[in-house]
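Since we're looking at a predicted model, the values are computed, not measured. Because only heavy atoms are used, hydrogens play no part in the values below, and waters and symmetry mates are left out as well, while side chains stay in.
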Amino acid sequence: MPSERFLKLKEDKKGRILEASLNEFTAEGYNDASINQIIKGADISRGSFYTYFEDKKDFEAVVSFTLQASDFSPSTFFSKNAVNLSAFL
């Protein structure tokens, strides 16, 4: 589960983390996704990441839960961010 500190983050910072994770998971798949690339894409420090999440599995669970609990639309996200959906077909 995310730390209390993560839950108290401003929405724009949470959004940057979520967007960076989606970009990385889409480009590389879960197994090859790099926490370093997510950190870089979200413009946060490595220390902050591990303050918010225990590990990659914890992070993935939070991302999944956040997407399910929100009004997230994959087609909107992917078209807005020019991600190639053919990787999923």
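- Glu24 is not listed as a side-chain neighbour of Ile35, based on a closest heavy-atom distance of 4.5 Å or more.
- Here Asp12 contributes atom CG and Glu19 contributes atom CD; the two are 11.5 Å apart, rounded to the nearest 0.5 Å.
- Using a 4.5 Å heavy-atom threshold, the side chains of Tyr52 and Ile17 count as touching.
- Proximity of Asn23 to Gln37: side-chain heavy atoms (C-beta onward) are nowhere separated by under 4.5 Å.
- The minimum heavy-atom distance linking Val63 with Ser21 is given by the pair CG2-OG, 3.6 Å.
- Under a cutoff of 6.0 Å and an axis angle of 45°, Lys56 and Tyr30 form a cation-pi pair.
- Lys14 contributes a side-chain N or O that, together with a main-chain N or O of Leu7, makes up a donor-acceptor pair within less than 3.5 Å.
- We find the NZ-NZ distance between Lys13 and Lys8 to be 14.5 Å, quoted to the nearest 0.5 Å.
- Between Phe53 and Glu60, every side-chain heavy-atom pair lies at or beyond the 4.5 Å cut-off.
- Within the model, atoms CG of Asp32 and CZ of Phe25 stand 11.5 Å from one another, a figure rounded to the nearest 0.5 Å.
- Distance check: Thr51 OG1 to Arg46 CZ gives 12.0 Å after rounding to the nearest 0.5 Å.
- Note that the OH atom of Tyr50 and the CD1 atom of Ile39 stand 6.0 Å from one another [nearest 0.5 Å].
- Annotation for Ala20 and Ala42: closest pair CB-N, 3.6 Å, computed over non-hydrogen atoms.
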